[in-house]
Protein chains: 2
Amino acid sequence: MIDHPAFPAEAWCLRETSLDLDTLRQTESLFALSNGHIGWRGNLDEGEPHGLPGCYLNGCHERWPIRYPEFGYGLPEYGQSVINVTNGKLIRLLVDDEPFDVRYGDLRSHERVLDFRAGTLARVAEWASPAGRAVRVRSTRLASLTQRAVAAICYEVEPLDAPADFVVQSELVANELPQGEGAGDPRGWHMPQSALRGESHAGADGRALLVHSTQLSNLRVAAAFAHVVAGPPGTRQETESTADVARLTVSASLKPGQRLSVVKFVGYGWSSVRSLPALRDQVQAALMTAAQTGWPGLLAQQQAFLAEFWHRADVELDGDPELQQAIRFGLFHVLQAGARAETQPIPAKGLTGPGYDGHAFWDTEMFVLPMLTLTHPDAAADELRWRHSTLAQARDRARQLGLRGAAFPWRTIDGTESSAYWPAGIAAFHVNAGIADAVIRYVDVTGDARFEADPGLELLVETARLWQSLGHHATGGEFRIDGVTGPDEYSAVADNNVYTNLMAQHNLQAAADAARRHWAQASALGVSSAEIAAWQRAAAAMAIPYDDQLGVHPQAEGFTAHEVWDFARTSAAQYPLLRHFPYFDLYRKQVVKQADLVLAMQHRPEAFTAAQKARNFAYYERLTVRDSSLSAATQSVIAAEIGQLDLAYDYLAESALIDLDDTERNVADGLHLAALAGAWTAAVAGFGGLRSRYGKLTFAPRLPAPIARLTFTVSFRGQQLRTEVTATTATYALEAGPPVVVGHHGREFTLTAGKPVTLDLPPAAAQPRLSQPAGREPVSRSGAGPQPGQGSAAHGPAGPNVPTGFSPRP
Amino acid sequence: MIDHPAFPAEAWCLRETSLDLDTLRQTESLFALSNGHIGWRGNLDEGEPHGLPGCYLNGCHERWPIRYPEFGYGLPEYGQSVINVTNGKLIRLLVDDEPFDVRYGDLRSHERVLDFRAGTLARVAEWASPAGRAVRVRSTRLASLTQRAVAAICYEVEPLDAPADFVVQSELVANELPQGEGAGDPRGWHMPQSALRGESHAGADGRALLVHSTQLSNLRVAAAFAHVVAGPPGTRQETESTADVARLTVSASLKPGQRLSVVKFVGYGWSSVRSLPALRDQVQAALMTAAQTGWPGLLAQQQAFLAEFWHRADVELDGDPELQQAIRFGLFHVLQAGARAETQPIPAKGLTGPGYDGHAFWDTEMFVLPMLTLTHPDAAADELRWRHSTLAQARDRARQLGLRGAAFPWRTIDGTESSAYWPAGIAAFHVNAGIADAVIRYVDVTGDARFEADPGLELLVETARLWQSLGHHATGGEFRIDGVTGPDEYSAVADNNVYTNLMAQHNLQAAADAARRHWAQASALGVSSAEIAAWQRAAAAMAIPYDDQLGVHPQAEGFTAHEVWDFARTSAAQYPLLRHFPYFDLYRKQVVKQADLVLAMQHRPEAFTAAQKARNFAYYERLTVRDSSLSAATQSVIAAEIGQLDLAYDYLAESALIDLDDTERNVADGLHLAALAGAWTAAVAGFGGLRSRYGKLTFAPRLPAPIARLTFTVSFRGQQLRTEVTATTATYALEAGPPVVVGHHGREFTLTAGKPVTLDLPPAAAQPRLSQPAGREPVSRSGAGPQPGQGSAAHGPAGPNVPTGFSPRP
């Protein structure tokens, strides 16, 4: 848990006003900077103390053989782990020969500010050395959203009360070893300490370059720096390099009022194919551009990029300043993760920490992309292009599993499957429908026909082929998909999971439609009319089990006949359940880790009647323990849809505050991007009631009492559509472009640019609050129940000694 | 494959007439000696060449931490592996300073004979040294069935054509390392080379003792020898010992006609609790008794023990000498494994090799004990007492899994679970019903009320409690057991597996009955009337799914709706399927590794109508690939019952010849005791039609055409009942004791001692032969189809590089 008072609820930044060394590892995640290619954890400039040092390059990983206690055909042979690459953010300081280290001397004041509009992490510290010399250190960093290969730091020092000698050492350090607490790197458990091998180093005149390569994944990584130093006359510089360290040393004697300023530009690159000279030149060129842009130029570009983003994406939420901050914090971090990922994945934790080994999961397509598609669609397209670039691996995997088409991995960095526990990983074929759904959604929202014809179509076709071969028509004709795992990780390997089948149905139909629209391209992929007809037959005959007796959809065939988990006899300390009960017991009982059938209702809303939605939601609400971060947002959306507005509000807050409150107790390993993006979805699709399907946006806004006003903007076919909701009305405004047809609580109207439309909200019927498993109720935000930050005691810790890197996901 | 001509079909022995070094590892398993406590593989006396050296003490194991790539609550932390203990069978020979090694010089003749009546392995070799000195070596070994801690060897050498100097080195060797081929010990893959630590050694006057301890399991093991040497005057002896080697060296100069004879008595013991002096004295005392008995005395005891066994247990089978030999071979080895196991398990491979790490499985209760109960019931009782002795571990395990009662392990040596793949191991709760069934069967056949009251009742009660907590009454009242794995290892974690539910039903009812019969003891175990009533309610309401449309029982709920495996597109090289297809695909389709529903029909015959049995058998016959050695015998029994006599005959042969023909290609790691015992069951319960339930024996004999006559004897309530079947009649004879009521093809009669009854067999209707998956038909023994030994090419090799020790069981 992170103590709240350290973070005042400010609308546009996350500010820390005192430094708590015990939560350093957590705050390093919260204050991480990234542009989707480079990730720098919020480590202190001087490197120590640290929770866990981390510099990441998206996709740059090491691999290692997975050892299984029992053989199983088709189990992945290699694991992958994101690696801590060359640390370019290190700037050490000596004051009269004493190192600036907050563990010694007197830290008179401390502030870190992550500014969502500036795109910077700024730090100001006033410190007195053990000898009593007082100094002020200011540093501001950014990972450039406009210059993908570049990060930069402006580092300034000044004496406060007396003259002093200053030495600033600005470094690149490879093979940095974590110290103290951080030495217990969760990945060490299964990834042997695998050092980067030095390939080349050079340094002179404030510039330097280090090139290394990984041992098993055979990647090459280059890091370089250049500096602009400004100090009083007599300031001296010296540059040196060895295989693992490059260093610029600046020394100066300063009087009070004088200042030494070091601007550090850092360039990064990695490649699996490019030669050492090619990679070296690429990084040097990026660095040259950054130096020419200069520090003020980089700051200005960053601000402009973010101004454009917030214009397209901002959510205003009056009545809950903490939530307002949390939602912008989430938007900012999701943007950071996706903005310049380009040909690489968006990992579950972005580039904020080593959690889950830096792997990407289905979270990206089903939780992160819905937000990016409607706010920053280019990043969504890039992510899908990355998936498309891994089609060869997915086709190989399908072949290995005896299937056709493509079988995308449950967890991966390089596109190959890296899940070592097949029932909860490899068998979760729904990941493929999630990718298809993201394609459908992106094309639907953007109208990007070129994307559909090229990477989109192939993704739809190859996933449709997978479903076609994975299912079969039973004697009665119905198309069954047996023995697969749905989203809920407390069930596995069941027949006809409703979410999976509905998503597969959508996938098959969309592939058929897209193939017809792009017949030439489809033919080139070998699609025939017969194949299209088979997809449509399968889609039309898809088995969707229903429990007539209970009047609800079973999550999968037979689910509702299972014993209900004994919640009354489960103590708070026994959550998350997977740490205290065997899989066999969780799998065979009615207990739900995360939204599954409820997620199906979010993404296939037309497949359920309103009455079914209400009954289903109430049924699963009693069974869902939210031991996963992928649940509250979905529950929020459907709770809002069925009129449980206070419940929706509580779930929205749970999702939005997951990292700021550290409710899962593992923010130390990185942020939960899916939950952060999910909070946006809860606001927009929940309280805004936004659904986007079949080329149309429909809204059904309705606010809980504590929220006086909600505004949000979405991008639709290149236009910005802004919605403002109050307790009684909704106002829709189109910025520019041709008119669009919009739905509002079931009725349609045409919205014209510059002519906002205000409509009344239908009155909401009061409902009794639905119940959850005992002890797993969300924290009530409207006053009743425990306050935020206390209630999360119900979220059991993952346990300090449990490796979180490659373990099941709580 | 072992070449057949090397083993002439002799009725009472297995004779090898030439030595094939390439199949040494296989023949070492076939020629293994054991008494259930000590196991000596059939290694050549001189130790080299060998396939795999092996001396085992039942239960003596090392443990090692299991490492999982992903965490799972409740997964076993430690694996266990049987260890190769101190080698006591080693006798090296030097002839004129040249070592007797069959790889050098000229092996003029070789014979090994495993004699089923003498209980010995005899070897005669005539060998000329590279220098041309010809000698005859005779050795005869036994593992004493009457003196549990003792094995012995009579070793004799003589020169054949000229005088020679002989040196015989009789040794105890600890920490023996396999050489050459054998170095690829499959266990090495996961068990770190774990040496025995020397604790004590002493040796003088032809006697010596070595004591060692294991490193992680903390067991102490002692081995000792004593000798009787007879040679011409001038024969000299010397005894020495070090930590890992004790050696008696005998030297003599012999002329043709003279002979040097060394009788070696070896005593063994191990303990987890006894002190070094106590264990040392125990072994020395056993050795003293053996020496006093002397070699002829040990031979005589051995022969007498076996005469008694064959009197009780022999099966005669006229018309198929090969099968006659194979069945006796199997009976002999099963007896060896169980005779003196006493407080230890009967491992799946007995003590014939390190396969499956030396673990015991449910095979023991469900395949081995049915034979032992009817032929050597004391061994069956001992095995169940061993299970009873592990109740503490099984209770702990149940508690850990959130269940009540006892959860016995899928695979174990010391009683704790050692299965690292939970869907096919830990979830196979039917193992508990198997133990209960063995108790019920033993009590039923022997009438041993004392056994029932003491260990029997507690086993029944604790397993009934497990079922009661594992299942639940659904809304409609029916008692469901969801999410468990039945016998078929190509399915896992399904609801209401029919075998499991029927066996659990029997278990619950039997516990209720036994608790009522032994009320005082049951009360002491905390059993109340309410608990008994709950067991009976569960049993009465047990869910037994039935597919009305197909008119068959699904193996588990939903099974018959699954896609049928595409056998037509599966090549012979793709068997066993588990080596070529992922579990997820096997689990979700209709393909059966081994009898499951068919096994239910064998053990709960009264739960099915005759018509259901015929339809079910035909249905599953088309789906069953027999990638397990636990299938053919069961298929034989039910094929015989429904009148498919030729098919029953083929399956009987497949089961009986599994090791002699090495059809599974892994006899190198040890014999398949369950299949060998299963062959007996196929003869007696299949062609004899014997069922023993509720205190009654019923027969329904019928022979396939090639078998002219079948006789078998079973022990029933202390009496021997001999049955002789011909093509047209069955004759029942009771040796002594009170009359018994016997069933014959549905009619009952009273059989009186000394008054055999001969009855006609009802005519059998000819039936079209049922079909199996393409390429998986059993070898036809009546002429059509491939000959034995060729057809087994269809049994895919396990793959030479695949560790068989701790891998899934083909």
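Quick note on labels: first sequence line is chain A, next is B, and so on, each numbered from 1.
Heavy-atom distances place both the backbone and the side chain of B:Leu470 under 4.5 Å from chain A.
Interatomic distance, CZ of A:Phe71 versus CG of B:Leu578, reported as 7.0 Å (0.5 Å rounding). The CG atom of A:Leu586 lies 10.5 Å from the OH atom of B:Tyr73; values are rounded to the nearest 0.5 Å. Here B:Asp482 contributes atom CG and A:Tyr587 contributes atom OH; the two are 15.5 Å apart, rounded to the nearest 0.5 Å.
Note on B:Asp566, B:Asp585, B:Asp495: by heavy-atom pairs under 4.5 Å with chain A, the leading option is B:Asp495. No other option in A:Gln400, A:Glu557, A:Lys589, A:His472 has as many heavy-atom pairs under 4.5 Å with chain B as A:His472.
Annotation: B:Glu77, atom CD; neighbour count of heavy atoms from other residues, nucleotides and ligands within 6.0 Å does not exceed 12.
Looking at heavy atoms from C-beta onward, A:Glu563 lies out of side-chain contact with B:Arg480 at the 4.5 angstrom threshold.
Here the closest heavy-atom approach between residue A:Phe584 and residue B:Gly483 is recorded as CD1-O, 4.2 Å. Across all non-hydrogen atoms, the minimal contact from B:Tyr583 to A:Gly72 is CE1-CA, 4.2 Å. Of all non-hydrogen atoms in A:Ala561 and B:Ala474, the two that sit nearest each other are O-CB, 4.3 Å.
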